[in-house]
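No experiment lies behind these values; they were computed from the predicted model shown. Below, chains carry the letters A, B, ... as their sequence lines are ordered, and counting in each starts from 1. Just so it is clear, the values below take in all heavy atoms, side chains as well, and ignore hydrogens, waters and symmetry mates.
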2 protein chains.
Amino acid sequence: MDSGHQNVHRQSGVALWRQIADRIRMSIANGEYDATGKVPPEMLLAEQFGVNRHTVRSALQALAQEGIVRAVQGRGTLIERKERLNFPISRRTRFSQGIGEQAREKEGLLLDSARLSASAEIAGRLAIEIGAPVLRLETLRKADRRPVSRSTSWFPAERFAGLIEAYRDSGSITAAFQALGLQDYLRVSTEVTAIHADGADLADLQLSPGAILLVTKALNADSEGVPVQYAVSRFPADMVQFTIEN
Amino acid sequence: MDSGHQNVHRQSGVALWRQIADRIRMSIANGEYDATGKVPPEMLLAEQFGVNRHTVRSALQALAQEGIVRAVQGRGTLIERKERLNFPISRRTRFSQGIGEQAREKEGLLLDSARLSASAEIAGRLAIEIGAPVLRLETLRKADRRPVSRSTSWFPAERFAGLIEAYRDSGSITAAFQALGLQDYLRVSTEVTAIHADGADLADLQLSPGAILLVTKALNADSEGVPVQYAVSRFPADMVQFTIEN
DNA sequence: GTCCATTTGTTCGTATGTATC
DNA sequence: CGATACATACGAACAAATGGA
């Protein structure tokens, strides 16, 4: 047993500083440093992970960049933010209600919208004909000014003609649906996977490259069971968790 | 618009070859290459990702190592395995039933077991006194000889005294419970997060370091609602997805 | 069977990034 | 802040295997 070593992996395609940053981020989220409100000293971390102090410093600088910690000379590295947002997934899943009390300010921004023809996959999900008109909305959701999800949603275009304007006004899918006469909808199914962040998601969610995204593919239907929305949403994995209550 | 470029990120702490490997793995899982059964030629991929051919080759070699593709000189890089196991999460979630027809051979291995005192967290989850005796089982599940999950489970020790032997014999929690007189149990809640794989999980799940794990924290209870098992399970994110049917 | 385009395999060299000391 | 070692990434060239004309 190599005493204190905590398994970081060399030559893995993932730099040591990033592995360590990920581990410290997790430890913070798990409340392991709640007693002091500080990350352990760099020398101690270096010893625990079996790396040089410089490597730990690179990791802490990345976390500082993300706004998770703040290094103060002579005091240590203070923890700035340790919450992990919890999203319940149920038949009545709604984004803004899901956040609930966990954040004060909630916003929904419309990044882009388009009217196009349904691909085979989208048509299958929404149970419409291939090539039928659909609306696609690219949205960004924030809680307390921090981005928490980036979604791409598809809707049957004929049924929800004024949806884009309704969403832009309200910043809420639920409100937009209601404005168009759909009073209620239910979550039919949710698929959950995880990938490395890439592309525009990195910029929109303000992540450092290499971050992990939780990906949900969700289907919502009206009370008759007719699909009204198919959405692919990406959440920064270190900021959120999902809870399925049965 | 920088024509073909598909967003890989330099100096991010994640090597380009790994980012590209992740992307190709996703594309395979999404069936994007089903028409040919092959990955596009190295030169084309290099152009699409805006990297050197060598970098693409490193990515493909990593995927070959995982058994996902096989390169043949003169023919191309053939896709060997494209399935992604789907795990339904519901009130009746059971591992072996969940896999169902998706795999022929299913195994459950007991890696380690211990009888210890409940920590504050475990006591809270199982609704028992802090310090009360609990059994902890470390298990590895396989489907068709490939590891698909690594779990750490806690059980109230008094109620399930012979559990360790019962699990070792059957390789199934459901069967072990039944052997001890518990005919039925239900999933109360499931939390889902994602992290980078580290430590023993890498070896046990036969992953290359830097891989992503989907992590579930699940609570099972008997029909009276009394907690019978709390389990933290880790799944290779590129092999599985979860489905929540409401 | 021969030619040829396509595609993977291999080997140089060089520059930069990562990590240690 | 160097000096050192190794991993990562690029570029150019050539070799070897495949499959179709």
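- Inspection of the B:Arg234 and B:Thr216 side chains reveals no N or O donor paired with an N or O acceptor under 3.5 Å.
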Between the protein and nucleotides 16-18 of chain C, are there any N/O to N/O pairs under 3.5 Å, and if so, what are the atom names and distances?
from, atom 1, to, atom 2, distance (Å)
C:dG17, OP1, B:Gln11, NE2, 2.7

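- Between B:Leu78 atom CG and D:dA17 atom P there is a gap of 17 Å when expressed in whole angstrom units.
- Here the rule is side-chain contact (heavy atoms from CB on, under 4.5 Å) with B:Leu63, and of B:Ile79, B:Asp22, B:Val69, B:Val39 only B:Val69 fits it.
- Residues A:Phe235 and A:Phe242 bring their aromatic ring centres within 6.0 Å.
- Rounding to whole angstrom units, CD of residue A:Glu47 and C1' of C:dT20 are separated by 16 Å.
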Q. Taking protein heavy atoms under 4.0 Å as touching, what does nucleotides 5-15 of chain C look like 5' to 3' if B marks base contact, S marks sugar-phosphate-only contact and - marks none?
A. -BBBBBB----
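- Using a cutoff of 4.0 Å between basic side-chain nitrogens and carboxylate oxygens, B:Glu191 and B:Arg125 are scored as salt-bridged.
- Atom CD in B:Gln19 sits roughly 12 Å away from atom C1' in D:dT8 (whole-Å rounding).
- A straight line from CG of A:Asn52 to P of D:dA5 spans 16 Å, rounded to a whole angstrom.
- Within a 6.0 Å radius of CD in B:Glu80, more than 12 heavy atoms belonging to other residues, nucleotides or ligands are found.
- Side chains of A:Glu138 and A:Arg150 form a contact here, defined as non-hydrogen atoms less than 4.5 Å apart.
- Side-chain contact check for A:Ile195 versus A:Ile212: every heavy-atom pair is 4.5 Å or farther apart.
- Comment: A:Arg141 does not engage A:Glu107 in a salt bridge, judged by the lack of any side-chain N to carboxylate O separation of less than 4.0 angstrom.
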